[in-house]
Amino acid sequence: MMTLFILALLIIIVLFGVKNIRMQLVTRPVFSFFKKVLPPLSDTEKEAMEAGDVWWEGELFRGKPNWETLHSYGKPTLTSEEQAFLDNQVVTALTMIDDYDIVQNRKDLPPELWQYFKDEGFFALIIPKQYGGKAFSAYANSTIVSKLASRSVSAAVTVMVPNSLGPGELLTHYGTQEQREHWLPKLASGEAVPCFALTGPEAGSDAGAIPDEGIVCRQEFEGEEVLGLKLNWDKRYITLAPVATVLGLAFQMRDPDALLGDKEALGITCALIPTDHAGVKIGRRHNPLNMAFMNGTTQGEDVFIPLDWIIGGPQYAGRGWRMLVECLSAGRGISLPALATACGHTATKTTTAYSYVRHQFGLSIGNFEGVQEALARIIANTYQLEAARRLTTTGIDLKVKPSVVTAIAKYHMTEMSRDVLNDAMDIQSGKGIQLGPKNYLGHPYMANPISITVEGANILTRSLMIFGQGATRCHPYVLAEMETAAMDDNEAALERFDSLLLGHIGYAARNAFSSVFCALTASRFNQTPVSGETQQYYKDMSRLSSALAFMTDVSMLIMGGDLKRKEMLSARMGDVLSELYLGSATLKLFEDNGRQHDDLPAVRYVMATRLHKAAKALEGALRNFPNRPVAWVMRALIFPLGNHFNGVTDKMAIELVQGMLKPGPARDRITFLCPEFEGDTSGIAEVEAAFIAQFNCKQIHKKIKTAQRSGALPKKMSNLPLFQLAHEIHVIDAVELESVLAADKLRLAAINVDDFSSL
């Protein structure tokens with residue numbers, strides 16, 4: 001037996017250790033096989049891959065994340081200028097917002113708010129200072145949008161769009177000096193209102209398929225014949241289009257008469273066009289779920305523009321897709337996650353307060369376990385949203401373009417905000433559905449599907465982008481192997497592939513061994529950068545990271561190019577990567593906050609959820625893997641003792657809620673994006689004031705309850721006569737009576753809803 005083992009070992013050593021033998025017996029046939037099974041890349045996919053950067057998701061995807069790298073990214077902070085803007089301009093804007101009036105009556109922002117946004121640079125957050133902009137960080141941009149969104153989605157979107165994908169960002173990165181000097185000061189001052197037209201009836205999530213065309217031709221412009229483009233387009237869903245003064249336009253550029261060269265189809269191109277230019281049509285509005293932000297259509301028929309209007313000049317003809325992918329990934333990681341996080345902060349602030357002041361059966365509804373179950377999800381999702389917002393903007397502020405990370409953030413954060421709002425509506429019920437000035441949930445609830453459908457519909461983002469790009473872009477060998485397979489020089493390709501193959505085999509073997517070893521040892525030997533309760537979470541995530549890396553290699557080997565068409569399977573594997581990213585963000589937020597003990601209930605709940613969902617996604621992928629014998633082998637290596645990531649317990653939920661049904665630093669840390677300010681008369685301020693007043697009367701209510709249990713006070717009596725009687729028999733004194741009466745008045749105001757004489 002030992003002889004056979006030694007012989008086998010020698011064969012392996014010779015086979016892989018002697019290059020000439022390895023090249024003939026291993027590398028050449030494997031290379032031929034790889035050429036057949038590796039997924040081919042289209043031109044647009046290749047550009048998307050090259051445009052994005054690999055960041056923290058690369059560590060998670062490769063099976064052995066370096067947690068010290070995560071901690072080295074630093075804590076996101078605001079500069080003194082950014083903080084001053086939040087404390088002054090943003091707070092002033094909040095005092096000017098009446099969202100009920102904006103949505104239900106005006107169907108637009110009031111003129112004074114529009115002007116304030118322009119005058120104070122709200123549309124200039126990303127524009128460089130030399131052009132009159134703010135040049136704020138992604139974290140500051142996100143925080144500003146979130147605080148506005150806590151009071152009005154319509155106001156937040158109006159500010160968000162000029163600071164996301166659009167003329168400002170495209171000009172900053174790619175514009176000619178002349179274009180920047182002409183347009184950026186106007187955009188910064190608000191003199192120019194921008195929009196960007198990408199989506200049309202035939203091209204939504206598949207933005208690369210836009211049919212709108214620009215044909216290279218010669219035509220008269222401003223009194224002389226120039227080389228330019230004759231454009232025809234039909235776009236929809238374009239935010240700010242009805243009021244825009246400058247239109248960014250994406251189109252397919254063609255040169256059928258070879259006026260620029262011998263290539264007819266030049267590809268997607270972006271240009272900047274004043275909306276008062278001949279032939280440009282704007283003004284018609286959509287009605288996006290009754291929200292009041294400007295959104296509508298734009299068309300153009302035989303609109304001629306000079307080539308100099310191409311963003312970046314004629315040399316950027318056909319380079320629009322790469323420009324869009326690079327800018328879209330940053331915007332996707334700031335804007336929509338900011339809206340989602342604002343939903344979480346608002347829902348947590350108001351629903352914890354409402355659960356405390358709303359009484360049924362003689363108790364605050366927050367004491368009922370059914371309510372606590374939903375409330376715990378709200379709080380935990382909000383902690384997760386805030387964590388993901390911070391980590392994602394950290395990456396963007398490090399000047400990387402993490403396209404996979406921003407896709408994860410966009411998909412999972414908008415879905416979490418949907419879950420948060422559903423739970424908040426369930427708990428607050430009538431308070432949430434009766435629209436009026438007191439209502440703070442109705443408009444965000446109505447608007448939520450907008451975030452889910454834009455910047456790439458969520459179904460597309462989950463099923464194609466996260467794993468589709470992640471598997472290829474983050475893998476340490478696959479992208480290089482695909483590039484090698486496409487090389488024209490076959491012998492040079494073989495030589496390069498040989499070195500890649502050796503590394504790939506070692507990488508795959510390490511992950512397979514790590515998967516089974518971690519499963520058998522409960523991950524106890526994995527490295528962790530911290531001590532204390534959270535160390536096990538790092539170890540478990542390392543285990544699941546190696547399992548994902550192992551399963552990805554096997555899947556690509558077995559299915560090759562068919563893998564990207566197995567959207568349900570690849571989506572589940574993408575879910576594993578997403579859950580690991582979200583868990584990483586949670587652990588980093590806990591560290592950034594100084595390992596606060598009162599944050600631990602939220603961390604426990606979130607991490608139990610993340611690990612459970614990641615393991616469940618792996619199980620789902622294994623259960624649906626098309627090659628069943630291979631699936632059985634993978635299951636034996638990934639879950640040899642079964643899946644023991646069981647998710648949250650009732651005890652976790654109760655502990656989390658009990659810590660949040662009182663004012664305190666932990667509650668403040670995940671509700672600060674729903675700010676308080678002097679003179680606030682909103683429904684948010686109303687329910688918060690009632691919560692604080694009721695909590696401050698906690699001991700007085702205990703006295704009254706004790707007297708009721710002893711028989712000194714009747715057990716069933718409405719509040720006002722009960723309080724009066726408690727004073728009369730000296731259970732409470734005059735000062736206490738005044739306090740509970742005032743608190744009860746605030747409570748009644750908070751739980752009441754608006755009514756109207758007519759609608």
Asks: In terms of side-chain geometry, is the basic nitrogen of K438 or D754 positioned less than 4.0 Å from the acidic oxygen of its partner?
Replies: no
Asks: Does atom CD of E738 have more than 12 heavy-atom neighbours from other groups under 6.0 Å away?
Replies: no
Asks: Would you find more than 12 non-hydrogen atoms of other residues, nucleotides or ligands less than 6.0 Å from I459 atom CD1?
Replies: no
Asks: Within the distance-only criterion (no hydrogens, no angle test), does the side chain of N163 pair as donor or acceptor with the backbone N or O of L125 below 3.5 angstrom?
Replies: yes
Asks: Between M294 and L109, is there a side-chain heavy-atom distance shorter than 4.5 Å?
Replies: no
Asks: Begin with the C-alpha distance, continue with both residues' side-chain angles, and end with the deciding distance and a verdict on side-chain contact (heavy atoms from CB on, under 4.5 Å) for I700 and S739.
Replies: CA-CA 9 Å; I700 304 173; S739 295; 4.1 Å; yes
Asks: Any chance you could lay out the side-chain contact (heavy atoms from CB on, under 4.5 Å) test for I751 and K431, step after step, and finish with the verdict?
Replies: CA-CA 7 Å; I751 66 174; K431 178 75 174 176; over 6 Å; no
Asks: More than 12 non-hydrogen atoms from neighbouring residues, nucleotides or ligands closer than 6.0 Å to NZ on K616, yes or no?
Replies: no
Asks: Is it true that K410 and E415 have a side-chain N and a carboxylate O under 4.0 angstrom from each other?
Replies: no
Asks: Which pair of non-hydrogen atoms, one from A388 and one from M413, has the smallest distance, and what is that distance?
Replies: CB-SD, 3.7 Å
Asks: Could you pull out the closest heavy-atom pair between F639 and A615, with the gap in Å?
Replies: CZ-O, 3.8 Å
Asks: Salt bridge or not between R747 and D744? Use side-chain N to carboxylate O under 4.0 Å.
Replies: yes
Asks: Looking at E369, I'd like to know if its CD atom is crowded, meaning that more than 12 non-hydrogen atoms belonging to other residues, nucleotides or ligands lie closer than 6.0 Å.
Replies: no
Asks: Less than 4.5 Å apart, side chain to side chain, heavy atoms only: is that true for N141 and M160?
Replies: no
Asks: Starting at CD1 of I144, measure out to CD of E82 and round the result to the nearest 0.5 Å.
Replies: 7.0 Å
Asks: side-chain contact (heavy atoms from CB on, under 4.5 Å) between D575 and H412: does it pass, once the steps are laid out?
Replies: CA-CA 9 Å; D575 288 344; H412 286 277; 4.1 Å; yes
Asks: For F691 and Y354, what are the C-alpha separation, side-chain angles and deciding distance, and is it a ring pair (Phe, Tyr, Trp, His ring centres under 6.0 Å)?
Replies: CA-CA 7 Å; F691 170 57; Y354 186 84; over 10 Å; no
Asks: Might you work through the side-chain hydrogen bond (donor to acceptor under 3.5 Å, both in side chains) test for H345 and T671, ending with a clear yes or no?
Replies: CA-CA 4 Å; H345 281 242; T671 61; 5.7 Å; no
Asks: Exactly one of S146, S150, S417 should register a side chain to side chain contact (heavy atoms under 4.5 Å, CB included) with T346. Which one does?
Replies: S150
Asks: So for atom CG, which belongs to D650, do other residues, nucleotides or ligands contribute more than 12 heavy atoms lying within a distance under 6.0 Å?
Replies: no
Asks: Show, in sequence, the C-alpha distance, side-chain angles and deciding distance for Y581 and T392, and conclude whether the side-chain hydrogen bond (donor to acceptor under 3.5 Å, both in side chains) test is met.
Replies: CA-CA 10 Å; Y581 176 75; T392 305; 2.8 Å; yes
Asks: First locate atom CD of Q708, then atom NZ of K716, and finally report the distance between them rounded to the nearest 0.5 Å.
Replies: 11.5 Å
Asks: Can R667 and E688 be counted as an ion pair, charged N to O under 4.0 angstrom?
Replies: yes
Asks: Flag the pair E619 and R572 as a salt bridge only when some basic side-chain nitrogen lies within less than 4.0 angstrom of an acidic carboxylate oxygen.
Replies: no
Asks: Answer with yes or no whether the side chains of N458 and T414 bring together a donor and an acceptor at under 3.5 Å.
Replies: yes
Asks: What's the separation between atom CG in D99 and atom CG in N439, rounded to the nearest 0.5 Å?
Replies: 9.5 Å
Asks: Between R151 and D680 (salt bridge meaning N to carboxylate O under 4.0 Å), is one present in this structure?
Replies: yes
Asks: Of all heavy-atom pairs between T352 and K349, which one has the smallest distance, and what is that distance?
Replies: OG1-O, 3.2 Å
Asks: Between E579 and K613, does any NZ, NE, NH1 or NH2 come within less than 4.0 Å of an OD or OE carboxylate oxygen?
Replies: no
Asks: Compare every heavy atom of A743 with every heavy atom of C697, then report the nearest pair and how far apart it is.
Replies: SG-CB, 3.9 Å
Asks: How long is the span from the CE atom in M607 to the OG1 atom in T586, to the nearest 0.5 Å?
Replies: 6.0 Å
Asks: Begin with the C-alpha distance, continue with both residues' side-chain angles, and end with the deciding distance and a verdict on ring pair (Phe, Tyr, Trp, His ring centres under 6.0 Å) for Y538 and H71.
Replies: CA-CA 12 Å; Y538 290 92; H71 290 177; 5.7 Å; yes
Asks: Regarding S142 and R389, do their side chains bring together a donor and an acceptor under 3.5 Å, going by distance alone?
Replies: yes
Asks: Which of parallel (below 30°), tilted (30 to 60°) and perpendicular (above 60°) describes F361 and F368?
Replies: perpendicular
Asks: Distance check, rounded to the nearest 0.5 Å: H286 atom NE2 versus F293 atom CZ?
Replies: 10.0 Å
Asks: I'd like to know whether OH of Y445 has more than 12 heavy-atom contacts from other residues, nucleotides or ligands below 6.0 angstrom.
Replies: no
Asks: Which is it for Q428 and R358 under the side-chain hydrogen bond (donor to acceptor under 3.5 Å, both in side chains) test, yes or no, and what are the steps along the way?
Replies: CA-CA 9 Å; Q428 300 200 40; R358 180 73 167 119; over 6 Å; no
Asks: For L656 and A376, work out which heavy atoms get closest and say how close.
Replies: CD2-O, 3.5 Å
Asks: Run the side chain to side chain donor-acceptor pair (under 3.5 Å) test against N624 and tell me which residues pass, sequence neighbours left out.
Replies: none
Asks: Distance only, no hydrogens: is a donor on one side chain within 3.5 Å (strictly under) of an acceptor on the other, for T348 and T382?
Replies: yes
Asks: Nearest 0.5 Å, what's the CG-CG distance between L741 and L746?
Replies: 11.5 Å
Asks: Looking at E655 and K651, is there a salt bridge between them, counting it only when a charged N and a carboxylate O are closer than 4.0 Å?
Replies: no
Asks: Could you walk me through whether L600 and T534 pass the side-chain contact (heavy atoms from CB on, under 4.5 Å) check?
Replies: CA-CA 9 Å; L600 275 173; T534 59; 4.3 Å; yes
Asks: Can you see which heavy atom on F122 is nearest to which on V159, and at what distance?
Replies: O-CG1, 3.6 Å
Asks: Between H597 and E533, does a side-chain hydrogen bond (donor to acceptor under 3.5 Å, both in side chains) hold up when you go through it step by step?
Replies: CA-CA 11 Å; H597 187 267; E533 183 175 337; over 6 Å; no
Asks: Looking at Y237, I want to see if its OH is surrounded by more than 12 non-hydrogen atoms of other residues, nucleotides or ligands under 6.0 Å.
Replies: no
Asks: Once salt bridge (charged side-chain N to carboxylate O under 4.0 Å, His left out) is applied, what residue pairs with a partner in residues 589-601 remain, sequence neighbours excluded?
Replies: K588-D592, E591-R595, D598-R669, D599-R669
